[in-house]
**Q** 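One structure, pasted below without further comment.
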2 protein chains.
Amino acid sequence: MNTRTALLNSAESAARQRGYDGFSYADLAQEVGIRKASIHHYFPKKADLALELLERYAAGFMDDLAEIDTANSSAADKLRAYHTLYRDALVDGTQLCLCVAFSAGRDSLPEPVLRVLNQFHADSITWLTRVLSIATDDGSVAGLTDAEAEAHATLALMEGAQLVARAADSAAPFDRATAAFIARLSAPSTH
Amino acid sequence: MNTRTALLNSAESAARQRGYDGFSYADLAQEVGIRKASIHHYFPKKADLALELLERYAAGFMDDLAEIDTANSSAADKLRAYHTLYRDALVDGTQLCLCVAFSAGRDSLPEPVLRVLNQFHADSITWLTRVLSIATDDGSVAGLTDAEAEAHATLALMEGAQLVARAADSAAPFDRATAAFIARLSAPSTH
DNA sequence: GTCTATAATGGGATAGAC
DNA sequence: GTCTATCCCATTATAGAC
């Protein structure tokens, strides 16, 4: 793997564990095995690193959503897969979605990073609203009336469930917090 | 106001804006109008300050919950008041609940602070489960079947809604994310 | 209880050799 | 592309005078 990618990978896991303020070039240098001055060759400022990090993360997430769309035909299946995305990102309560990790410390974020963060939220709402609109029509989510309101609620639920789990350093609170949401989804399609 | 309280107040608003890693003794010194060395007279280590800060916050929050219980008779009214607590804590998207602000950067927190944080979550779940159990019986929350599962979901929803709002530096996302929850509550009692 | 002074550490960042 | 060496600054924390 090239050094640039290794640095981004190391920065991602550090940022998802400890936030933007919580990791340093010294941490990355140790993990990747170069001196911290060398990192500036790839990312002159920490702001450059943070921007590329979040852009890569958001793009990967949107790719995942597109793949969920093609791999699942029913709205309920898509929403289950969306839930799994957040569940897996938690690992064992040791890591957050990068956007959750960055949101809390928003005041330290460079302005371009903040823009990508809010775009991520906007894109998530667009995707959720579309899927939940389908669910409103086909009845595959129990008690669903307002797709857009539920889209905002679902995003907040996933992010909040991750946060509570992170505080406990365990995935269990995430599962408890999202159980009622999963229970509303109609049975998985079997073909 | 005594200096100790002024320091706690200043630290609280700073921590709720920028997290545990995001505020320093220098910030507090400037706001309170003493030198930063003098802060160590009240709080020898930053860990001491953080612990007292969160203990005070959690105690105040539990007092608020007790007051909500006495001031509201119906479960729906109590849940509306609970929602208002989180809504007001947001200010205009500039401040988080202290527990939300601390959760993201949990790795920097001293261990005693972490214990208070998890106790806060446990106490919140206890309160929500009790209120939602009443609602299960009197039917004042639409589509409610499992009180404990909904308690965990409600806590995650409030915390996540705050986080999304904080990212946007605006209260609007909080209102959008919680609208569906509020819509499930039966009409306010009028006496 | 508050101050000045200072230590000790770690952060982001740069210059210039190789 | 990576290194050593260095700078400047902010941070938490302590010692000791007033």
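We name chains A, B, ... by the order of the sequence lines, and we start the count at 1 in each one. Predicted, not measured: the structure shown is a model, and the values here were computed from it.
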**Q** Could you check how far CG of A:N2 sits from C1' of D:dT2, rounded to whole Å?
**A** 15 Å
**Q** I want to know whether A:H152 and B:F174 have ring centres closer than 6.0 Å.
**A** no
**Q** Does B:H41 make a side-chain N or O approach to OP1 or OP2 of C:dT2 shorter than 4.0 Å?
**A** no
**Q** What pairs with A:D63 under side chain to side chain donor-acceptor pair (under 3.5 Å), at least two apart in sequence or on another chain?
**A** none
**Q** In whole Å, I'd like the distance from the CZ atom of B:R35 to the C1' atom of D:dT12.
**A**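 It is 17 Å, rounded to the nearest whole Å.
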**Q** Taking transitive links into account, so neighbours of neighbours count too, which hydrophobic residues share a cluster with B:I134 at under 4.5 Å side-chain distance?
**A** none
**Q** Taking the basic N atoms (NZ, or NE/NH1/NH2) and the acidic carboxylate oxygens, is any pair closer than 4.0 Å for A:R176 and B:E148?
**A** no
**Q** Once each nucleotide of nucleotides 11-18 of chain C is scored for protein heavy atoms under 4.0 Å, what B/S/- sequence comes out, 5' to 3'?
**A** SBBB----
**Q** For a quick check under 3.5 Å, do B:N2 and B:T5 share a side-chain donor-acceptor pair by atom type?
**A**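 B:N2 vs B:T5: donor-acceptor pair found between side chains.
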**Q** Going by distance alone, is a donor N or O of one side chain under 3.5 Å from an acceptor N or O of the other, for B:R4 and B:N9?
**A** no
**Q** I want to check one thing: is the phosphate of D:dT2, taken as OP1 and OP2, less than 4.0 Å away from some side-chain N or O of A:T3?
**A** yes
**Q** Taking atom C1' of C:dG10 as reference, at what distance in whole Å does atom CG of A:L28 sit?
**A** 14 Å
**Q** Closer than 4.0 Å, any side-chain N/O of B:S38 to the OP1 or OP2 of C:dC3?
**A** yes
